[in-house]
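Before any comments, here is the structure.
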There are 2 protein chains.
Amino acid sequence: MPQTRSDDLAPLSVSGTPEEKFREFLEIRGEKLTEPRRVLVRHIFSSHKHFDADELVRDLHEAGHAISRATVYRTLRLLVEAGLLRELRLTNRSAYEHDYGYPAHDHMHCTVCNRVIEFRNEDIRQTRDAISRAHGFRPSGHRFVIEGVCSECSRAHTPRRRLDLI
Amino acid sequence: MPQTRSDDLAPLSVSGTPEEKFREFLEIRGEKLTEPRRVLVRHIFSSHKHFDADELVRDLHEAGHAISRATVYRTLRLLVEAGLLRELRLTNRSAYEHDYGYPAHDHMHCTVCNRVIEFRNEDIRQTRDAISRAHGFRPSGHRFVIEGVCSECSRAHTPRRRLDLI
DNA sequence: CTATGTGCAAAAACTTTGCACGTAC
DNA sequence: GTACGTGCAAAGTTTTTGCACATAG
């Protein structure tokens with residue numbers, strides 16, 4: 001029973017850790033891998049897959065890392081640029097998920113309990129590329145979100161409350 | 001040459017105006033169709049298709065309608081609930097587009113000039129429904145956005161600047 | 001008449017920025 | 001040593017809310 005991912009989505013083994021990939025990215029741009037950045041990457045890639053800036057700050061502080069909100073926002077942007085994170089924008093608050101060493105996938109978003117369910121489907125990318133080609137558009141990615149009501153909420157009289165977790 | 005819509009996307013003739021549909025919606029909920037709401041619906045459905053809250057307020061004020069920002073936000077939410085508008089969320093600021101009397105379609109988003117290009121594709125809905133069925137998910141809609149670089153920006157040395165229009 | 005909506009201004013929610021100090025390379 | 005990053009607090013953006021007054025039904 002899929003919760004936030006289906007069970008066949010085993011991580012790919014990719015060369016290098018997220019931290020290494022981030023260092024490479026920064027090196028190319030002449031920027032630095034600092035302690036706060038290292039802590040952030042490690043934390044993000046050693047834990048849950050969906051989060052927002054606020055949760056991340058709270059988690060870090062609870063774990064004893066006094067990393068400022070500003071640095072979190074700045075680093076999240078870098079990680080998206082580096083291709084390590086994906087920005088979701090399901091609501092007006094940005095949510096992030098791993099985008100490295102993890103197969104491409106899309107999402108169903110339950111508008112009752114706010115849960116995010118992942119799925120993989122091969123057709124979507126092909127459709128995307130065909131459409132792009134027809135319009136002379138150079139695709140760099142896509143977002144496919146099915147909005148609706150998840151099976152639990154369709155059934156349940158007491159659905160999980162909204163915003164439990166994204 | 002598609003700009004914000006392809007030329008085969010002629011509006012359906014639908015029974016009733018957006019204003020009428022909104023009134024029905026409000027009636028069912030025991031709410032009122034007031035003058036500001038009427039002005040808003042008329043304005044929105046007699047003009048451009050993509051806009052955000054801020055543009056809308058400016059437009060209205062320029063047209064001499066002194067409708068408050070709060071009312072605009074409140075009414076936009078109602079119109080989305082009523083199925084008359086669709087919320088896009090391409091950036092952290094919500095954008096809206098007509099979703100009534102206009103065939104379903106999806107979007108390409110140029111990350112260079114921020115332009116939105118519409119397209120229609122039959123496969124997407126079928127894929128969406130098949131995936132939903134397989135997960136016991138009841139779809140109410142979807143968002144499919146292809147991110148990338150539009151043909152003009154791929155070609156041009158001086159692309160349209162970002163935020164020209166959404 | 002009365003439940004609902006509006007405008008205003010204030011607050012909340014989210015994100016970015018400026019600057020003095022600190023640190024990776 | 002120097003260019004780049006950090007934390008802090010302040011400001012910027014976008015959206016929501018509380019409340020006194022207005023109005024649709």
Side-chain angles (χ1 to χ4, degrees), chain A residues 19-20 22-43 50-61 64-82 85 87-96 114 162-163 166, chain B residues 19-20 22-43 50-61 64-82 85 87-96 114 162-163 166:
Chain A
E19 183 179 336
E20 281 166 17
F22 193 33
R23 185 161 32 70
E24 284 168 28
F25 169 82
L26 292 170
E27 235 158 48
I28 290 167
R29 320 214 314 185
E31 301 181 8
K32 294 168 185 171
L33 180 55
T34 60
E35 187 58 17
R37 288 177 176 179
R38 205 188 328 265
V39 169
L40 270 166
V41 180
R42 283 184 184 168
H43 178 88
H50 293 99
F51 60 93
D52 61 39
D54 211 52
E55 284 179 84
L56 186 50
V57 172
R58 255 185 295 121
D59 276 19
L60 287 164
H61 285 194
H65 302 294
I67 295 176
S68 73
R69 197 167 286 276
T71 296
V72 167
Y73 274 106
R74 287 187 278 233
T75 306
L76 283 174
R77 229 196 304 172
L78 286 173
L79 289 169
V80 169
E81 285 189 67
L85 289 182
E87 199 172 355
L88 289 184
R89 293 189 204 284
L90 298 173
T91 70
N92 261 31
R93 150 189 253 160
S94 284
Y96 298 87
N114 207 31
R162 284 206 108 220
L163 298 170
I166 170 151
Chain B
E19 183 178 338
E20 281 165 18
F22 194 34
R23 185 162 34 69
E24 284 169 29
F25 169 82
L26 292 170
E27 234 158 49
I28 291 168
R29 320 212 316 182
E31 301 181 9
K32 295 168 183 171
L33 180 54
T34 61
E35 186 58 17
R37 287 177 177 180
R38 204 186 331 263
V39 169
L40 269 165
V41 179
R42 284 185 184 165
H43 177 88
H50 293 99
F51 60 92
D52 60 40
D54 210 52
E55 284 179 83
L56 186 52
V57 172
R58 255 184 292 122
D59 276 18
L60 288 164
H61 285 195
H65 302 292
I67 296 176
S68 72
R69 195 167 287 277
T71 296
V72 167
Y73 275 104
R74 287 185 278 232
T75 306
L76 284 174
R77 232 197 300 173
L78 287 173
L79 289 169
V80 170
E81 285 189 68
L85 290 182
E87 197 172 358
L88 288 183
R89 293 188 203 285
L90 297 172
T91 69
N92 262 31
R93 149 189 255 162
S94 283
Y96 298 86
N114 207 32
R162 284 206 108 221
L163 298 171
I166 170 152

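Values below: every heavy atom of this structure, side chains too, minus hydrogens, waters and symmetry copies. Letters A, B, ... are given to chains in the order of the sequence lines, protein chains preceding strands, and every chain is numbered from 1.
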Nucleotide-resolved protein contact map, nucleotides 11-19 of chain C, B/S/- at heavy-atom distance under 4.0 Å: ---SBBBB-
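The CG atom of A:Leu56 sits 9.5 Å away from the NE2 atom of A:His61 when rounded to the nearest 0.5 Å.
For B:Glu19, the side chain to side chain donor-acceptor pair (under 3.5 Å) criterion is met by B:Arg42, not counting sequence neighbours. A:His65 is linked by a side chain to side chain contact (heavy atoms under 4.5 Å, CB included) to A:Val39, A:Leu60, A:Ala63, A:Ile67, counting only residues two or more places apart in sequence or in another chain. Among residues two or more places apart in sequence or in another chain, the salt bridge (Lys or Arg N to Asp or Glu O under 4.0 Å) test is passed with A:Glu24 by none. Shown here are the side chain to side chain contact (heavy atoms under 4.5 Å, CB included) partners of B:Thr34, two or more places apart in sequence or in another chain: B:Lys32, B:Pro36, B:Arg37.
Between the P atom of C:dG7 and the NE2 atom of B:His65 lies a distance of 12 Å, rounded to the nearest Å. In this structure, B:Arg58 places its CZ atom 14 Å from C1' of D:dT13, rounding to the nearest Å. We find that CG of A:Leu40 is positioned 14 Å from P of D:dG5, with the value rounded to whole Å. A:Leu60 places its CG atom 10 Å from the P atom of D:dG7, with the value rounded to the nearest Å.
Salt-bridge check for B:Glu55 with B:Arg58: failed, with every basic side-chain N at 4.0 Å or more from each acidic carboxylate O.
Listed pair B:Arg37 / C:dT4 fails the phosphate criterion, with no side-chain N or O lying under 4.0 Å from OP1 or OP2. In this model, the phosphate group of C:dC8 is not approached by any side-chain N or O of B:Ser68 to a distance below 4.0 Å at OP1 or OP2.
At its two ends the helix from C:dC1-D:dG25 to C:dC25-D:dG1 runs along axes set 40° apart, each axis drawn from five pairs and the angle rounded to 10°.
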Please tabulate, for the side chains in residues 68-82 of chain A, all donor-acceptor contacts under 3.5 angstrom to protein atoms that are two or more places apart in sequence or on a different chain.
from, atom 1, to, atom 2, distance (Å)
A:Ser68, OG, A:Thr71, N, 3.2
A:Ser68, OG, A:Thr71, OG1, 3.1
A:Arg69, NH1, A:Asp54, OD1, 2.8
A:Thr75, OG1, A:Thr71, O, 2.8
A:Glu81, OE1, A:Arg29, NH1, 2.9

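B:Thr91 approaches A:Arg89 most closely through the heavy-atom pair C-NH1, 3.3 Å.
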All N/O pairs under 3.5 Å across the protein-nucleotides 22-25 of chain C interface:
from, atom 1, to, atom 2, distance (Å)
C:dA24, N3, A:Lys32, NZ, 3.3

